[in-house]
Structure formats: structure tokens, C-alpha cells
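Following: one structure in C-alpha cells, then a few remarks.
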Amino acid sequence: MKLFVYHTPELTPADSVPDCAIAVDVLRATTTIATALHAGAEAVQVFSDLDKLVKISAEWPTSKRLRAGERGGAKVEGCDLGNSPLDCTPELMNGKRLFISTTNGTRALQRVETASTVLAAAIINRAAVVEHLLAHKPATIWILGSGWEGSFSLEDTVCAGAIASSLVDRLGVSLGDLAGNDEVASVIALYLQWQDNLLGLFHLASHGQRLLRLNCQEDLKYCSQLDLLNVLPIQREPGVLVKNP
Ligand code: MLT
């Protein structure tokens, strides 16, 4: 296994895809996707384009769909939900398809949708992602941070570090054996420094601060809980994620 970390969708190589691509948007799209599937959503379908989301979801029975839209951290008017994982209750999600468009996370998933395996990772489902990698041993793995509008983000970077650090431990290999690019050592260093205070790091992060200004303190707390849910969102067809059985 060779692991490559890219901080934003823009930094990924344009001319190739890995055997396994892992999109990360800890605050909050991949946390929300994992939570929705854990709560019983039939599938989560992601869109970078909101008009396309409205058009495709209109073909779905209204009782079987939910529309979630976020821009700049806030809920998009006319959608059923914004992008808070705390809204993804079993009562609301059960059996429904969640159609979702967010500022950065859904764009990251779309960037790698042609890879043979596409996973969505967050802090809350880190262990489930690692178990899948250990069981399937893909030759090349990309962890792709969503960042914020083309810039690096602390929360996605520390999640990449949590995955990479666990892989090094569980495989019993050296960092040099696993790392495909320099970013891998740096994400592990960030994780090792902040592993006992992920919430503190999220409070420092620029998007964390944006969410705090929008009164989303509880979202930050939820998103910072390592290995909370045993759920693995995996792409079944381009743009459609389901719970790995
Ligand atoms: C995104 O896609 O940029 C985020 O998930 C934004 C958010 O916190 O809702």
C-alpha cells in the first residue's frame, strides 16, 4: 500500500486516480454523510451543483427524499436541511435518500468519483475506514481533504493524520514504507500533536471559527469524537454513497 495525501481537490493529480480514494470533509459534509447513513438513510447522493440536485431529486418521490444544501456554512433556502450532522436523526433519515450539496465536501467527492473505490471519511468514522483499508489493501490510496475554497484546512488534515497514523501502527510498517508523498509525515505530526484535543484544534481552524459564528458549537463537538460510529460510506455508483454492508 502507498498512501498519498492531498490537502485540496485542486492539488490532486489531474491525469490519474488511485485504487482507493478517501474524501474528507470533517466540518462537516463527510461527518453528515456518515451520520445520515448510520441513521438509516437509503443512500446519500452528492452534487456540487445545486440546480442539478433540485432537478435530479425532483424525479424521486417526495416521501422518500430529503434535500440538504449548504453554502458558506449556512442552510440554503428552500432545502429541507442544511449540513448539520445533528439533524440526521433516525426518525428523519430512515429509508430516505439524502440529496446533498455543500461548498467543498461534495466537490471533493466528485473529483475522485471515477476511482474504483471511493470512501467518505471523518473523525467520527476513522476506525471503519482503517478497517476497510486493512481488509482490502489497495495498492494506491489517496486521502483528499476538501479544504475551504481551494485552501488547506486543519480539520481535514488532522483526520488524514488520524487515518495514516493508525495505518502505520496496524500494519507495523515504517512511515517511509507507507508514505507516497511528503504530506503523509506532516499530517501524522499534526495528529500526534492534537490527538487529545481535537475540539481545541477545530476551534482554531478558520472554518471552525466560521461555524462558531453561526452558533454551531454542538456540531464542532460532535465532529471531534474519534471513532464514534462504525459506519463506512462507500460509493456504489458515481455520486451515490451507501453504507458498506
Ligand atoms: C463544506 O462542504 O464546505 C462544508 O461541509 C461546509 C459546512 O460546514 O457545512
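Indexing begins at 1, ligand by ligand and atom by atom, following the structure's order.
- Residues that satisfy the salt bridge (Lys or Arg N to Asp or Glu O under 4.0 Å) test with Arg97, not counting sequence neighbours, are Glu42.
- Enclosure of atom CD in Glu237 by more than 12 non-hydrogen atoms of other residues, nucleotides or ligands within 6.0 angstrom is indicated.
- Side-chain contact, Arg67 with Ser57: a donor N or O sits under 3.5 Å from an acceptor N or O.
- Relative ring orientation between Trp60 and Phe99 is described as perpendicular, the plane-to-plane angle rising above 60° on a 0-90° scale split at 30° and 60°.
- Considering all non-hydrogen atoms of both residues, Ser101 and Leu53 come closest at N-CD1, 3.5 Å.
- Within 4.0 Å of ligand 1, counting heavy atoms only, the contacting residues are Asp25, Leu27, Arg28, Ala29, Glu70, Asn83, Thr102, Thr103, Asn104, Gly105, Trp148, His207, Leu211.
- A cation-pi arrangement, defined by a distance under 6.0 Å to the six-membered ring centre and an angle within 45 degrees of its axis, is present between Arg210 and Trp148.
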